[in-house]
Amino acid sequence: MSASIIDGKAIAAGVRAKLGEEVAAFKRVTGRVPGLATVLVGEDPASAVYVGGKQRACAEVGMTPFDRRLPAGASFDQVAEELQVLNADDAVSGVLLQLPVPDHLDGSSLTALVEPDKDVDGLTPVNAGLLSLGRPGLRPCTPMGVMELLAQTGVALEGAEAVVVGRSNLFGKPMAQLLLAENATVTVCHSRTRELASVCARADVLIAAVGRPRMIGADFVKPGAVVIDVGQVRLTPQEAHNKSGLVGDVDFAAVSEVASAITPVPGGVGPMTIAFLLRNTLLAAERQAEGAA
Ligand code: NAP
């Protein structure tokens, strides 16, 4: 079998184009402009690139970007104060603290300070709780992006065996909850899972989010399964066999021979994350406008 490629870049471009129209309509109706604030602490080059991409994407769909930067040595209280200022600013619909923060800071305690209505990363305890209870709230962007890839690929989730490798708060846990909400039968694997390959080989839908280059080989995959590669590790372009240097958790060449559909790295899940960050920002702006009406 030769798997079809799930083109995340094209699907994300479609989501963003539709969002651009929705943002224009929102502005016409409310007279407001959705705004996304990013907070970057320190000078980590990869984080600076991610923040720059979010800022640009935000402007492209007609939203206002707010770029807040603090020095690497900023204290917890300084970052907290910046977050509080943004929480209180009516021009800011969404607030995102870029993770990871420098080692002396506690990223999850800081994230928890973001106002839940502006938590466009969906990572505050309030939004994580709402997801777990199946109630409306802002959902984490990367798992939402994966759900959209599955929907646009026509994958039927009801009753399907879905296996998620990775149990982080950022991705694995919310991914499992979203799949469960669509009535998949979900297994979550992690570093202590026994017989990982045979657990994965049960999956109709296999989603890997570990950060170990090419660990998912053909023996992990049931023939005909749909494979989503969330992993993203930066190697040299020579090691990665591509210009970007990015490599995923899945051995793409080998798994393509077994799966029915597969996401590439780069160009699979990555572009969906920003698209759903923008969508969450519009959603937050809409809820705030309703609240103010
Ligand atoms: P993380 O917090 O480091 O979590 C990694 C997970 O993998 C943990 O649950 C860990 O298990 C599990 N794991 C580690 N080694 C394993 C092994 N040998 N077998 C099975 N499971 C193992 O990472 P994350 O934030 O979820 O991110 C995971 C990957 O996804 C990274 O490469 C990251 O860059 C990528 N990512 C990409 C996007 C995107 O936009 N494309 C967004 C988010 C994340 P334990 O819990 O037992 O330690």
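Owing to the predicted nature of the structure, the values given are computational and were not obtained by experimental measurement. Remember, it's 1-based here, ligands and their atoms both numbered in the order they're listed.
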**Request:** Number the atoms of ligand 1 from 1 as they appear, then name those within less than 4.0 Å of a heavy atom of Thr273, with their elements.
**Result:** 39 (C), 40 (O)

**Prompt:** Protein heavy atoms: any of them under 4.0 Å from atom 27 (O) of ligand 1?
**Reply:** no

**Prompt:** Which protein non-hydrogen atom lies closest to atom 36 (N) of ligand 1, naming both residue and atom, and how far is it?
**Reply:** Val230 O, 3.6 Å

**Message:** Among all protein heavy atoms in this structure, tell me which lies nearest to atom 42 (C) of ligand 1, with the distance rounded to 0.1 Å.
**Reply:** Thr142 OG1, 3.3 Å

**Fill in**
side chain to side chain donor-acceptor pair (under 3.5 Å) with Asn127: of Asp121, Asp117, Asn280, Asp119, only one passes, and it is Asp119

**Request:** Report the residue from Cys141, Ser168, Pro140 that forms a side-chain contact (heavy atoms from CB on, under 4.5 Å) with Pro174.
**Result:** Pro140

**Message:** Testing the 3.5 Å rule here: is there a donor-acceptor pair between the side chains of Ser244 and Asn242?
**Reply:** yes

**Prompt:** Does a donor on one side chain sit under 3.5 Å from an acceptor on the other, for Thr38 and Gln98?
**Reply:** no

**Request:** State the atoms of ligand 1, each with its element, that fall below the 4.0 Å cut-off from a heavy-atom position in Gly270.
**Result:** 41 (N)

**All salt bridge (charged side-chain N to carboxylate O under 4.0 Å, His left out) counterparts of Lys222, not counting sequence neighbours** = Asp204

**Request:** Please report which non-hydrogen protein atom sits nearest to atom 31 (C) of ligand 1, along with the residue it belongs to and the distance in Å to one decimal place.
**Result:** Gly211 CA, 3.9 Å

**Request:** Determine the sole option in Ile228, Leu150, Ile262, Val155 for which the side-chain contact (heavy atoms from CB on, under 4.5 Å) test with Ile6 is passed.
**Result:** Ile228

**Item:** Arg167 N/O to ligand 1 N/O under 3.5 Å
**Value:** yes

**Request:** Examine distances only and state if a side-chain atom of Thr263 and a backbone atom of Asp229 form a donor-acceptor pair shorter than 3.5 Å.
**Result:** yes

**Asked** Atom CD1 of Ile207 and atom CZ of Phe171: how far apart are they, to the nearest 0.5 Å?
**Response** 5.5 Å

**Fill in**
If you scan protein heavy atoms around atom 10 (C) of ligand 1, the nearest is Ser191 N, 4.2 Å

**Item:** Distance from atom 32 (O) of ligand 1 to nearest protein heavy atom, with residue and atom
**Value:** Gln232 N, 2.9 Å

**Request:** For Met215, take its heavy atoms, then give the atoms of ligand 1 lying under 4.0 Å from any of them.
**Result:** 19 (N)

**Prompt:** Does Cys189 reach ligand 1, in the sense of a heavy atom lying below 4.0 Å from it?
**Reply:** no

**Prompt:** Considering only protein heavy atoms, which is closest to atom 43 (C) of ligand 1, and at what distance to one decimal place?
**Reply:** Leu170 CD2, 3.8 Å

**Atoms in ligand 1 flagged as close to Leu196, the criterion being non-hydrogen separation under 4.0 Å** = 19 (N), 20 (C)

**Request:** First locate atom CD1 of Ile274, then atom CZ of Arg279, and finally report the distance between them rounded to the nearest 0.5 Å.
**Result:** 15.0 Å

**Request:** Determine whether the side chains of Thr281 and Ser93 contain a donor N or O and an acceptor N or O closer than 3.5 Å.
**Result:** no

**Message:** Using only atom types and a distance under 3.5 Å, with no angle test, would you say the side chain of Lys173 pairs donor to acceptor with the backbone of Ala128?
**Reply:** no

**Request:** For Ala209, counting its heavy atoms only, list the atoms of ligand 1 lying under 4.0 Å from any of them.
**Result:** 5 (C), 6 (C), 7 (O), 28 (C), 29 (C)

**Message:** List ligand 1 atoms under 4.0 Å from Gly166, heavy atoms only on the residue side.
**Reply:** 6 (C), 7 (O), 9 (O)

**Complete:** the protein heavy atom lying closest to atom 21 (N) of ligand 1 turns out to be His190 C, 3.2 Å

**Fill in**
Numbered in order shown, the ligand 1 atoms found under 4.0 Å of a heavy atom of Arg212 are 15 (N), 18 (N)

**Message:** With a 4.5 Å cut-off on side-chain heavy atoms, are Ile216 and Val221 touching?
**Reply:** yes

**Request:** Considering heavy atoms of the protein only, find what lies nearest to atom 13 (N) of ligand 1 and give residue, atom and distance to 0.1 Å.
**Result:** Val210 CG1, 3.6 Å

**Message:** Tell me whether Ser168 has any N or O atom under 3.5 angstrom from an N or O of ligand 1.
**Reply:** yes

